[in-house]
Amino acid sequence: MTDTFKVTVTDIQTVASSIKEFTLSPVEGQLIPFSAGSHIVVEMPTEEKTYKNAYSLLSQPDDPSHYKIAVRLQDNSRGGSVYMHTQVKVGDSLTISAPANRFAPLWQAKKHILIAGGIGITPFLSYLPEFERRGEDYELHYLYRGGQTGAYCNELSEQLGDRLFCYDSATSPRCNIENLMSQRAPGTHFYICGPEKLIEAVMTTAKQLGIAAGYIHFEEFAAPKPGNAFELELKSSGRLLNVSEEESMLEAIEKSGIEIPNLCRGGVCGQCVCRVSQGKIDHRDTFLTEQERSSGDVIMPCVSRAAGERLTLDI
Amino acid sequence: MNIAINKIQTFRDDFTYSNSPEAIARFPFPFTDDEYKYTVNMEPHQPKDGENSVYARFFDIDEHYLSEMKERSLVLAEMPKRCLVMPHMELACWDMIEKIMTSLAAQYPQHFSLTQDGDNWCWENKLLNIKDSFVFGDSSTLPKPPMEYIGRQIQGDFALLDQRDDDLFLDAGIVTCPADWSLMFDAGMSFSEWHGPVPMAPSQNIFERALKYLVAIPVGRPVRRLNWTLTVNARMDTASETYHKWGHERSEVNAENVAEKVHLRVELQVIDRMPRSNALMFSIRTYLISLADISTNPQWAQRMHRVIKTLPPALIEYKGFARYHQHVVDYLAQFDESAAGD
Ligand code: HEM
Ligand code: FES
């Protein structure tokens, strides 16, 4: 559960042939400052459904006047990126989440080696000002396909000088991952953001070179698990409720005027436990034991949902 | 609420600390049941229980403000290492400054004010007669390092946890009133390492579940929990490293002095995600109340009797009151009808 708020799209730039950069400004007041490596979740209400995609913030972390994100038009994607590329115009308003961070630099690293593939450059753009501020030792290795992805190349080479290593698959030799990773001083950490294949290549090389997993970091987007809408029957009180995509079961029950004990509203405290008399459960808590889960007759309604279209509770 | 701040009282030597009837009425009594067990007792840190409650504002400032700030300066003068900040936590300290200053200025405008002109900030603390202008983010413009500077102006201990690889590390803190633990000892430890001494909890996976929840806390969604123990005399600083100063007081409790000497010590802990550094801020606001003051509320006294009487021996031992446990039970029994003839 994160707070959401409205922003206005104040600028759109094409920064590579398949990548657009969006500037998002607060409707009023200021945005929340964020930490290097943070992302936001952008809601995209299409006719078919509301997509929620996570995008790294690439503006200055300490500048609350606006956020910037970059969106690559995905091949054969009917989802969010098409919406962002074709529907969103300057002046439109968008709903975004507060920034969250699953890809923060390790500040005790002796040296940071950043490996970006294409649009994977975005989280590193917020690392750079913070690295400079703290005087960190780093290199940025940027792999892209000239003309199509390679956004921000010129700015980066101006800023970083010889800390930047560019590999344009159209014109320059391929990046040799093994050379890049071997013979590094102890305490060097590697960060990868890019396609699955690049992450795999780095992981495999790390294994061959005997670099421990703790020194390799890649972004795993924990985009909010979408919720399906479903019907909820409360047996004892004989009520039928609709739980929408946007709300938790607990919220739907509370809205109907029934109180259930609760504390954490995040699936850990155990307060809200309810008996289930019918229906399959999508367990999302960390409270119930394996045994209780598989029994299928208890649920934590603050986070868990119906796996099917209907669930019946004993309340 | 317009709190009246007491003149300075002491938490050591002559122990002049006392609670007014208003402070007693708002005491965060921690027991919701007749039996106590460890649970993942976290809830969103939203205001509750009305305007006068300790939960009404993000940080609670109360009548003991000046006394606690004096006590903190005494501890820091003796042991400067009660404030420890690893170099990579400096940005988190500024996050903490921002959170504390903006909250206090907004919620206690009679005592604190903040003017922000870009990064040029001016902070006024009327309770301590402090007025400083500084550049936000530039530690050289403050009279003291950022954590110590702000820590000397707010009640309660603070820790800043660095988050790495889905774990938390105790990499900065200002801790002058801990309940028998040591910042110096725990510094740099991970969540499960610093919780190592806690009995019983690991078997219920409490810490595992709590940690999962903590690393996922987003910006703007703080949570809180209560923790409690008993302390002999109104002593704020029961740090492990000063055990020699207070440990012996446990054997001084007897049937005559138990009501005045033994204090229920409650920590209101708030956990909040820091936006600029991604650190978690963990604040530990400690409240002390004597058993005599507890017994002015018969329901509290009855409940506490039941809790203390049925507490598992491992917890009595860990919380450090095995020596005087029976005195506490005997004293509180008079407020529990079901305990007649106990
Ligand atoms: C993330 C911030 C936290 C910090 C810095 C922290 C720190 C500590 C420390 C230093 C101790 C004393 C251990 C000792 O005996 O040396 C302690 C005890 C304990 N902590 Fe935490 N803690 C945190 C969060 C939590 C959370 C979220 C829970 C929720 C279950 C929790 C549950 C406990 C319990 C049950 C004890 C034993 C307390 C007693 O019985 O007196 N802690 N904690
Ligand atoms: S409210 Fe805590 S598990 Fe549901």
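All heavy atoms count here, side chains included; hydrogens, waters and symmetry mates do not. Chain letters run A, B, ... following the sequence lines, proteins first and then strands; every chain starts at 1.
Here the side chain of A:R134 pairs no donor or acceptor atom with the backbone of B:L91 at under 3.5 angstrom. B:R276 places no side-chain N or O within 3.5 Å of a backbone atom of A:S35 that could act as its donor or acceptor partner. The main-chain N or O of A:C264 is found under 3.5 Å from a side-chain atom of B:Y213 such that the two form a donor-acceptor pair.
At a 4.5 Å heavy-atom cutoff, B:M274 makes no contact with chain A through either its backbone or its side chain. With a threshold of 4.5 angstrom between heavy atoms, B:N278 approaches chain A through its backbone and through its side chain. Interface residue B:S277: only backbone heavy atoms are found under 4.5 Å from chain A. Within the 4.5 angstrom heavy-atom criterion, only side-chain atoms of B:D171, from C-beta onward, approach chain A. Neither the backbone nor the side chain of A:Q271 comes within contact range of chain B; no heavy atoms are under 4.5 Å apart. In this structure, the portion of B:R164 lying under 4.5 Å from any heavy atom of chain A is its side chain and not its backbone. With a 4.5 angstrom heavy-atom cutoff, B:D166 touches chain A only via side-chain atoms. Both the backbone and the side chain of A:P33 come within less than 4.5 Å of a heavy atom of chain B.
Environment of NZ in B:K37: sparse, with no more than 12 heavy atoms of neighbouring residues, nucleotides or ligands closer than 6.0 Å. Counting non-hydrogen atoms of other residues, nucleotides and ligands closer than 6.0 Å to CD of A:E132 gives a total above 12. More than 12 heavy-atom neighbours from other residues, nucleotides or ligands sit within 6.0 angstrom of CZ on B:F31. For A:K111, the NZ atom is densely surrounded, since the number of other residues' heavy atoms within 6.0 Å is greater than 12.
With salt bridges taken as basic N to acidic carboxylate O contacts below 4.0 Å, one links B:R221 and A:D3.
Ranked by non-hydrogen atom pairs under 4.5 Å with chain A, the options B:V223, B:V40, B:D95, B:V215 are led by B:V40. Annotation: maximal heavy-atom pairing with chain B below 4.5 Å, among A:E130, A:R133, A:Q108, A:H217, occurs at A:Q108.
With rounding to the nearest 0.5 angstrom, the CG atom of B:D119 is 7.0 Å from the CG atom of A:D62. Atom CD of B:Q116 and atom CD of A:Q30 lie 8.5 Å apart (nearest 0.5 Å). Between A:L263 atom CG and B:R224 atom CZ the span is 9.0 Å, to the nearest 0.5 Å.
Nearest heavy atoms, B:V219 versus A:P99: CG2-O, 3.8 Å.
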